[in-house]
Q: 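Would you mind keeping the following structure in view while I ask a few things?
Not measured: the values here are computed from a predicted model.
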Amino acid sequence: MQQKIAASPQLSLHSEAAPPRSGGEQDDGGPAEPYITFQVLGPLEVWVGPRRVEIGGPRQRIVLAMLLLAPDRVVSIDQLVEAVWNGRPPATCRTQIAICVASLRKAFHAAGHTGEVIVTAAPGYLLRSYGHQIDSVEFAAGVETAQTLAQRGDTGASADLLGQALGLWRGPVLTDMSSPVIETEAELLEHRRLTAYEQYATLQLQLGRHREIISELTALVYDQPLWEQARAALMLAHYRSGRRSEALALFRQAQLVFREELGLEPGRVLQDLHTAILQETSGLLPATEAAGPLSVGTALPELPPGAAVFIGRDRDLHALDALLRRARGGASAVGLIVGRPGVGKTALVLHWALRAAHAFPDGQIYVDLERAGTADAPAVLLRSLGMPDAQIPRDYQDRLREFHRRVEERRVLVILDGVPDDVAAYELVPKAGKCCVLLTSRRVLSTAAQVRLNLSELAPADSVTLLGSLVGDGRVEEDGTAAHRLASLCDHLPLALSAAAARLVAKPHWQVSHLLTRLVDPRHRLEELCTGAPMLRRVLDSVYRTLSPAAAALYIRLGLINGDRIAVWAAQALVETDPMDAQGLLEELVDATLIEATDTGSDGWFRYRLPGLLALHAEETAQLEMTAAARTAAYERVLVASAVHASDSPAIPGLRRVS
């Protein structure tokens, strides 16, 4: 039987001293000084209360990082000089260090903290940690306390506290600065993280929580493929969850990785475990394992596999990390990610969810609302929480109330993928509690969210990197010029890039330039990208079918004209309506993430853009659903209107196809 997760002590820097004040009154009756939160377990960030501090340039960041890595200890000027200039300091280096420290003090003061944080102490400087929070110090304190709890036999509390400590990590330590000294310190911290995670995984397996750790162990093995203990724990977790084939596949994968990277076979730990799984040794099952179903109300990690290759999106991932701060504070948190079809919303949330799994010890739940439908979503969510079908209420509202009740006191991550509208978001998102909810939608929603992301296409360099990683045989890297042009024709959309990569993988005798010549002709581009990978057209069709009839009519007619700069008067002519209604339809297409507003024309009306692949889809749909005469008539109305709006006529260079 699954053991109930024990309540765990909260991580704190100040367990033996007065807690930091964030407001209220000081002992003398004056206003409290806002405390500072320093974060080094990831990119360097500093917060004074809810306000982010602009730290400054690379030198200030390195100086601050050095002081944070040795809080309450003097860091000499010579050490700071070495960290900043790596053995090649200028003659004015000591003066420049003093300027960096002064700039940091000024930044803290500007953000609202007037106290002295960095003090001068021969032969350098010291950062006072009292009254502030430093995540690396919290991590060390949490690990130490967890080890003490484990020694006392309190396995559940120890595991939970380790999970909280590991949840402080937002990514690789201080990768946003270049300094060999910092890199050495970061490697030491990373080693401590891996050691702590090894202890955490061991405790979770002892507690019979093998299902709960599969998602996070999968992400860890992906990042650390040569770490045998993590892979062994994942193999054991899969085996105990009844996934013997997945456990054996992990060993076969280890053989390939170890041979390729090290020229060696996997070590004794993995080999012995592999043999035991093949023989189904009884000792592999936990002592607490009992026959029968899981206890009702146990949240299971149900995250599907993330993208095989995930590139870029650092800014978006860091934005989502703000949800972890709310979750650690015991408040519910909601993140909303919107973006046009194929931009990679699901891949982003799953990648972040795997990375942040430590912060949600009660489990992770994923629901694809496009498949499940909003009507069945509450039942799906209740099943994910371990509720048997026979106990699920029949009434929709009763199901909603039961779901909200069950997640109220749990630290669960809930991903609602493909939310169709504000009504669904309002009903399904818990209004209170400790859980975190991530919503993705192809429509712009007005639902309340602490983090809102309008996901854009990948940067050109990231697009080419993704393409090369998916193809994997060097052809993309051999012809960078063709690869960049190919990525541009794919609108830098991960879904389209994946389709292009699938074409190249299926045709190993093609060079990138050969596929490029097939995509350059817009008449064949969409067909080429959908050959063998029909998901792209299927996704575009599904969004089109959600439009109102009037907006759908305008969308397909936009495929008849140049979509780079669409004027309201052009839309008015295409669907024969008045300007206000035309703009209303254009804004409906904006809300559906099919077009985007760009600027304002000389007439005071917005201008819009229909991206390339969407324009081709719109044109293709117009070919299917409109007669040639209707297409020609629509275009001729635009030509007539362009004579009146001559300054905007370059937006209508020619009809795509009317035959």
Q: Residues in side-chain contact (heavy atoms from CB on, under 4.5 Å) with Asn454, at least two apart?
A: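 For Asn454 the side-chain contact (heavy atoms from CB on, under 4.5 Å) partners, ignoring immediate neighbours, are Val338.
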Q: Quick one: list whatever passes side chain to side chain donor-acceptor pair (under 3.5 Å) with Glu587, sequence neighbours left out.
A: Tyr608
Q: Which atom pair, heavy atoms only, marks the closest approach of Leu317 to Gly312?
A: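 Scanning both residues completely, I find the closest heavy atoms to be CD1-O, 4.3 Å.
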Q: For Pro58, check side-chain contact (heavy atoms from CB on, under 4.5 Å) against everything at least two apart and list the hits.
A: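 Pro58: no side-chain contact (heavy atoms from CB on, under 4.5 Å) contacts found.
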Q: Give me the atom names and distance for the closest heavy-atom approach of His492 to Glu457.
A: O-CB, 3.5 Å
Q: Is the distance between the ring centroids of Phe310 and His351 under 6.0 Å?
A: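 For His351 and Phe310, the ring centres are under 6.0 Å apart.
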Q: Quick one: does Arg313's side chain have a donor or acceptor within less than 3.5 Å of a partner on Leu455's backbone?
A: no
Q: With rounding to the nearest 0.5 angstrom, report the SG to CG distance, Cys490 to Leu497.
A: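 One finds 5.0 Å between SG of Cys490 and CG of Leu497.
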Q: For Trp47, enumerate each residue passing the side chain to side chain donor-acceptor pair (under 3.5 Å) test, keeping only those at least two apart in sequence or located in another chain.
A: Gln39, Glu45
Q: For Arg475, is there any backbone N or O sitting under 3.5 Å from a side-chain donor or acceptor partner on Asp473?
A: yes
Q: With Arg94, which residues qualify under side chain to side chain donor-acceptor pair (under 3.5 Å), at least two apart?
A: Asp78
Q: Check for a donor-acceptor pair, side chain of Arg607 on one end and backbone N or O of Trp605 on the other, with a separation under 3.5 Å.
A: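 Side chain of Arg607 to backbone of Trp605, a donor-acceptor pair under 3.5 Å: yes, one is there.
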Q: Between Asp417 and Thr440 (side chain of the first, backbone of the second, donor and acceptor by atom type, cut-off under 3.5 Å), is there such a pair?
A: no
Q: Given side chains that start at C-beta, do those of Val137 and Phe38 come closer than 4.5 Å, heavy atoms only?
A: no
Q: When you measure from the side chain of Lys345 to the backbone N and O of Gly339, does any donor-acceptor pair fall under 3.5 Å?
A: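 Yes, Lys345 side chain to Gly339 backbone: donor-acceptor pair under 3.5 Å.
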Q: My understanding is that only one of Val84, Leu127, Ile182 makes a side chain to side chain contact (heavy atoms under 4.5 Å, CB included) with Met66; could you say which?
A: Ile182
Q: Kindly give the heavy-atom pair with the smallest separation between Ala65 and Leu174, and that separation in Å.
A: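 It is CB-CD1, 3.9 Å.
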Q: Would you sort out whether Ser456 and Val343 count as a side chain to side chain contact (heavy atoms under 4.5 Å, CB included), showing the intermediate values?
A: CA-CA 7 Å; Ser456 60; Val343 78; 5.7 Å; no
Q: CD1/Ile55 to CG/Leu64 distance, rounded to the nearest 0.5 angstrom?
A: 5.5 Å
Q: Can you tell if the side chain of Val512 reaches within under 4.5 Å of the side chain of Val471, non-hydrogen atoms only?
A: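 Val512 vs Val471: side chains apart.
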Q: Looking only at non-hydrogen atoms, find the nearest pair between Leu162 and Ala146 and report the distance.
A: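 The pair with the smallest heavy-atom distance is CG-CB, 3.5 Å.
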Q: Could you tell me whether the side chain of Arg442 and the main chain of Gly418 form a donor-acceptor pair under 3.5 Å?
A: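 Such a contact is absent between Arg442 side chain and Gly418 backbone.
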Q: Which atoms form the tightest heavy-atom contact between Cys435 and Pro430, and what is the distance?
A: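 Minimum heavy-atom contact is SG-CG, 3.7 Å.
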Q: Check the pair Val349 / Ile337 against side chain to side chain contact (heavy atoms under 4.5 Å, CB included), numbers first and verdict last.
A: CA-CA 8 Å; Val349 298; Ile337 300 92; 3.5 Å; yes
Q: For Asp599 and Arg565, run salt bridge (Lys or Arg N to Asp or Glu O under 4.0 Å): C-alpha distance rounded to whole Å, both residues' side-chain angles, the deciding distance at 0.1 Å, then the answer.
A: CA-CA 9 Å; Asp599 59 2; Arg565 196 168 188 269; 3.5 Å; yes
Q: Working to the nearest 0.5 Å, report the span between CG of Leu68 and CD1 of Ile134.
A: 5.5 Å
Q: Give, for atom CD of Gln79 and atom CG of Leu69, the distance between the pair rounded to the nearest 0.5 Å.
A: 11.0 Å
Q: Do Gln199 and Thr195 have side chains that approach each other closer than 4.5 Å (heavy atoms only, starting at C-beta)?
A: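 Of all side-chain heavy-atom pairs linking Thr195 with Gln199, at least one is under 4.5 Å.
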Q: Is the backbone N or O of Asp422 less than 3.5 Å from a side-chain atom of Thr447, with the two atoms forming a donor-acceptor pair by type?
A: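 Between the backbone of Asp422 and the side chain of Thr447 there is no qualifying donor-acceptor contact (under 3.5 Å).
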Q: Does Arg609 have any salt bridge (Lys or Arg N to Asp or Glu O under 4.0 Å) partners at least two apart in sequence or in another chain, and if so, which?
A: Glu596
Q: Pair Glu144, Phe139 - check side chain to side chain contact (heavy atoms under 4.5 Å, CB included), show working.
A: CA-CA 9 Å; Glu144 182 178 355; Phe139 170 74; over 6 Å; no
Q: Taking only residues two or more places apart in sequence, or in another chain, which ones meet Leu495 in a side-chain contact (heavy atoms from CB on, under 4.5 Å)?
A: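 Leu495 satisfies side-chain contact (heavy atoms from CB on, under 4.5 Å) with Met535, Leu536, Val539 only.
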Q: In the structure I gave you, are the side-chain heavy atoms of Phe606 and Ile566 within less than 4.5 Å of one another anywhere?
A: no
Q: Looking at CG of Leu519 and OG of Ser488, how far apart are the two atoms once the value is rounded to the nearest 0.5 Å?
A: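 Here the interatomic distance stands at 11.0 Å.
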Q: Heavy atoms only: give me the nearest Pro341-Leu493 pair and the separation to one decimal.
A: O-CD1, 3.8 Å
Q: Taking side chain to side chain donor-acceptor pair (under 3.5 Å) as the definition, give me every residue that meets it alongside Asp462, ordered by chain and number, with sequence neighbours left out.
A: none
Q: Indicate yes or no: at least one non-hydrogen side-chain atom of Leu453 is less than 4.5 angstrom from one of Val451.
A: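 Yes, side chains in contact.
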Q: Quick one: does Thr92's side chain have a donor or acceptor within less than 3.5 Å of a partner on Thr95's backbone?
A: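 No.
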Q: Atom OG of Ser469 and atom CD of Glu477: how far apart are they, to the nearest 0.5 Å?
A: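 If I round to the nearest 0.5 Å, the distance is 7.5 Å.
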Q: Between Arg128 (side chain) and Asp72 (backbone), is there a donor-acceptor pair under 3.5 Å?
A: no
Q: Any side-chain to backbone donor/acceptor pair from Arg452 onto Leu445? Under 3.5 Å, distance only.
A: yes
Q: Taking side-chain contact (heavy atoms from CB on, under 4.5 Å) as the definition, give me every residue that meets it alongside Leu226, ordered by chain and number, with sequence neighbours left out.
A: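 Scan of Leu226 (side-chain contact (heavy atoms from CB on, under 4.5 Å), adjacent residues dropped) gives Val257, Phe258, Glu261, Leu262.
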Q: Tyr125: what forms a ring-ring contact (aromatic ring centres under 6.0 Å, His included) with it, not counting sequence neighbours?
A: none
Q: I would like to know whether Asp316 and Trp352 meet side chain to side chain donor-acceptor pair (under 3.5 Å); could you show each step before the answer?
A: CA-CA 9 Å; Asp316 300 306; Trp352 182 85; over 6 Å; no
Q: Would a 4.5 Å heavy-atom cut-off, applied to side chains only, mark Gln229 and Tyr197 as touching?
A: no
Q: Quick test of your reading: applying salt bridge (Lys or Arg N to Asp or Glu O under 4.0 Å), list the pairs with at least one residue in residues 183-192, sequence neighbours left out, ordered by first then second residue.
A: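 Residue pairs with at least one partner in residues 183-192: Glu190-Arg193.
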Q: Please determine which of Leu413, Val414, Thr346 meets the side chain to side chain contact (heavy atoms under 4.5 Å, CB included) test together with Tyr366.
A: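 Running side chain to side chain contact (heavy atoms under 4.5 Å, CB included) over Leu413, Val414, Thr346 with Tyr366 returns exactly one hit, Thr346.
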Q: Indicate whether the side chain of Asp135 and that of Trp169 have a donor and an acceptor atom separated by less than 3.5 Å.
A: no
Q: Under the rule for salt bridge (Lys or Arg N to Asp or Glu O under 4.0 Å), what residues qualify as partners of Arg231, not counting sequence neighbours?
A: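 Expected list: none.
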Q: May I have the step-by-step check of side chain to side chain contact (heavy atoms under 4.5 Å, CB included) for Leu594 and Arg340, ending in yes or no?
A: CA-CA 6 Å; Leu594 292 174; Arg340 57 186 166 120; over 6 Å; no
